[in-house]
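Small disclaimer: the values here were computed from a predicted structure and weren't measured. As the structure lists them, so they are numbered: ligands from 1, and atoms in each ligand from 1.
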Amino acid sequence: MKIIVTGGAGFIGSAVVRFAVQQGHDVVNLDALTYAANLQNLASIEDSDRYSFKKGNITDGAYVSEIFEEFQPNALIHLAAESHVDRSIDGPGAFIETNIVGTFRLLEVARDYAKGRKGFRFLHVSTDEVYGSLGPSGAFTEETPYAPRSPYSASKAASDHLVRAWGETYGLPILLTNCSNNYGPFQFPEKLIPVVILNALAGKEIPVYGDGKNVRDWLFVEDHAAALLLVLEQGEIGRQYNIGGENDVPNIDLVRLICGHMDEAAPSGAPHDALITYVQDRPGHDRRYAIDATRVRNELGWSPSVSLSEGLKRTVDWYVINQAWWEPLLERPGVGERIGTKL
Ligand code: NAD
């Protein structure tokens, strides 16, 4: 296939680009290179004839349209987004602009392009956070009503509604996925797992929000990338698929697991769990997420291939040996600071 990937210089987008190129697809990566981007994530495939990069903003419809005309894609996988909940609390404007207006512009370009063309597919990549917060039991299915509670998840929910509406109203061949928390190599060092690893390595306090009992489901990023290609190729047009590792863990238990792997990878700092420090909670912090991935398992035969313990070990080992990748990122604005608490 010829695929445009938006946000391909980010964490999940770069895993999707690497996987798609390895699978023999031709990929154009459209990315604005915000603070969260890193073209080094693509070093392993950047010289491939199957890969090219376009720097640009998804809100720039004219530029996106030019790329469509030039490349004549069969598909678009839309991952470009502002993605950090804490940043969305301090500055929601960028989230509205990219996640909502940007998705609208892409839909309009794709609608125009898809007219009279057979087989084009628009895959929108979203999050389980659109469903809001769960009580002590149950899991999100594709029928769970949307109830977002942060500016980030509200902006993603809005984009999901737009995508579905463009499918229903204009007949745009859309697919929609909602995935749980991803982790793995190349994740920007403002998200929980890299923060824990890098603070542990530096012997700094490891911050845990609130009582540490917020529960998240974790999926290794390469399993997510494989699921997205499968949905793109075999999913039913107009259908929504929840994707998750079905590994629900309270944050404090996850942090202790990582500390255990750190004790092995960097024994001089052991025991790393002595660095755990409870800090002020995030406002509106969702208590529990859990994914019911029955549909994608039963209809498309997908299941995660990496267990949480193996994935965490691989991730810890990767950060320990790839200091040259993450060290320069610590200088970027907002990294290493506590944000998202000022109301
Ligand atoms: P990320 O923040 O690591 O990367 C986002 C990328 O999008 C960056 O390369 C950035 O430069 C690019 N971008 C941002 N605004 C842009 C714009 N206006 N135009 C073009 N490019 C722009 O994000 P991620 O964690 O890789 O998440 C990717 C997608 O997956 C997002 O849509 C996110 O909502 C979704 N998602 C993420 C997770 C997760 O756990 N990280 C889970 C489920 C879904």
Side-chain angles (χ1 to χ4, degrees), residues 4-18 28-42 53-61 63-64 67 76-88 91 93-106 109 123-131 140 148 150-160 163 176-194 216-225 227-228 241-245 247 289 291 293 311 315 329 332 334-335:
I4 295 177
V5 175
T6 69
F11 166 51
I12 304 172
S14 63
V16 169
V17 171
R18 292 190 304 269
V28 167
N29 169 16
L30 168 62
D31 197 297
L33 300 184
T34 70
Y35 80 93
N38 194 339
L39 287 173
Q40 284 176 28
N41 301 2
L42 298 156
F53 173 65
K54 300 276 186 193
K55 182 173 189 291
N57 200 304
I58 57 166
T59 56
D60 181 352
Y63 184 57
V64 176
I67 296 173
L76 177 133
I77 308 180
H78 175 32
L79 297 115
E82 289 291 335
S83 71
H84 190 42
V85 177
D86 287 341
R87 285 184 193 258
S88 83
F95 289 71
I96 305 305
E97 199 53 39
T98 286
N99 300 1
I100 306 179
V101 178
T103 302
F104 161 67
R105 298 257 189 264
L106 282 181
V109 171
L123 169 56
H124 177 63
V125 179
S126 191
T127 164
D128 62 351
E129 302 191 29
V130 298
Y131 298 120
F140 300 131
S150 74
Y152 164 66
S153 56
S155 68
K156 291 297 291 186
S159 68
D160 292 10
V163 169
L176 172 57
T177 57
N178 296 80
C179 189
S180 58
N181 283 25
N182 282 221
Y183 71 100
F186 301 107
Q187 187 165 30
F188 193 74
E190 65 183 350
K191 301 279 171 77
L192 176 62
I193 289 180
R216 297 292 181 265
D217 174 69
W218 293 94
L219 181 66
F220 194 64
V221 65
E222 291 169 15
D223 277 331
H224 188 192
L228 292 175
Y241 298 89
N242 282 356
I243 300 170
N247 279 313
Y289 304 143
I291 280 272
T315 306
L329 305 180
R332 294 196 183 175
V335 180

Q: Using the test side-chain contact (heavy atoms from CB on, under 4.5 Å), find all partners of Ala225 that sit at least two apart in sequence or belong to another chain.
A: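 Partners of Ala225 by the side-chain contact (heavy atoms from CB on, under 4.5 Å) criterion, ordered by chain and then number, come out as Ala15, Val16, Phe19.
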Those atoms of ligand 1 less than 4.0 Å from some heavy atom in [X]:
X      : result
Val125 : 30 (O), 32 (O)
Ser180 : 42 (C), 43 (C)
Leu33  : 11 (O)
Ala37  : 9 (O), 11 (O)

Can you tell me if [X] has a non-hydrogen atom under 4.0 Å from ligand 1?
X      : value
Asp31  : yes
Ala94  : no
Tyr152 : yes
Ser126 : yes
Gly56  : yes

Q: Could you tell me how the ring of Tyr183 sits relative to the ring of Phe220: parallel (under 30°), tilted (30 to 60°) or perpendicular (over 60°)?
A: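 Taking Phe220 first and then Tyr183, their aromatic rings stand perpendicular (interplane angle over 60°).
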Q | Within 45° cone and under 6.0 Å: Arg87 NZ/CZ vs Tyr35 ring | A |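 Yes, a cation-pi geometry.
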Among all protein heavy atoms in this structure, tell me which lies nearest to [atom], with the distance rounded to 0.1 Å.
atom                    : result
atom 32 (O) of ligand 1 : Lys156 NZ, 2.7 Å
atom 3 (O) of ligand 1  : Phe11 N, 3.0 Å
atom 4 (O) of ligand 1  : Gly10 CA, 3.4 Å
atom 2 (O) of ligand 1  : Ser83 OG, 2.7 Å
atom 40 (O) of ligand 1 : Asn182 N, 2.8 Å
atom 15 (N) of ligand 1 : Thr98 CG2, 3.5 Å
atom 29 (C) of ligand 1 : Leu79 O, 3.2 Å
atom 26 (O) of ligand 1 : Ile12 N, 2.7 Å

Ligand 1 and [X], any nitrogen or oxygen pair closer than 3.5 angstrom?
X      : value
Ile58  : yes
Thr34  : yes
Leu30  : no
Asn181 : no
Thr127 : no
Ala36  : no
His224 : no
Glu82  : no
Thr59  : no
Ala80  : no

Look at the side chain of [X] and the backbone N and O of [Y], then say whether any donor-acceptor pair between them is shorter than 3.5 Å.
X      : Y      : value
Asn99  : Glu82  : yes
Asp217 : Tyr289 : no
Asn38  : Ala36  : no
Lys156 : Val125 : yes
Ser180 : Gly244 : no
Asn242 : Phe140 : yes
Thr6   : Leu79  : yes

At their closest point, which heavy atom of [X] faces which heavy atom of [Y], and how far apart are they?
X      : Y      : result
His78  : Ala80  : CE1-O, 3.3 Å
Ile58  : Arg105 : O-CB, 3.5 Å
Leu176 : Ser126 : CD1-CB, 4.2 Å
Val221 : Gly184 : CG1-CA, 4.2 Å

Q. Does the side chain of Thr103 come under 3.5 Å of the side chain of His124 through a donor N or O and an acceptor N or O?
A.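 Checked: Thr103/His124 side chains show no N/O donor-acceptor pair below 3.5 Å.
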Q | Residues in ring-ring contact (aromatic ring centres under 6.0 Å, His included) contact with Phe11, at least two apart in sequence or another chain | A |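 Applying ring-ring contact (aromatic ring centres under 6.0 Å, His included) to Phe11 gives none.
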Q: Only heavy atoms count here, so choose which of Cys179, Ala81, Ser155 is nearest to atom 5 (C) of ligand 1.
A: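 When every heavy atom of Cys179, Ala81, Ser155 is considered, Ala81 comes closest to atom 5 (C) of ligand 1.
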Q. Could you go step by step and tell me if Asn178 and Asp160 meet the side chain to side chain contact (heavy atoms under 4.5 Å, CB included) rule?
A. CA-CA 9 Å; Asn178 296 80; Asp160 292 10; 3.1 Å; yes
**Q.** ligand 1 versus Glu97: contacting region, heavy-atom distance under 4.0 Å
**A.**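 For Glu97, no heavy atom sits under 4.0 Å from ligand 1.
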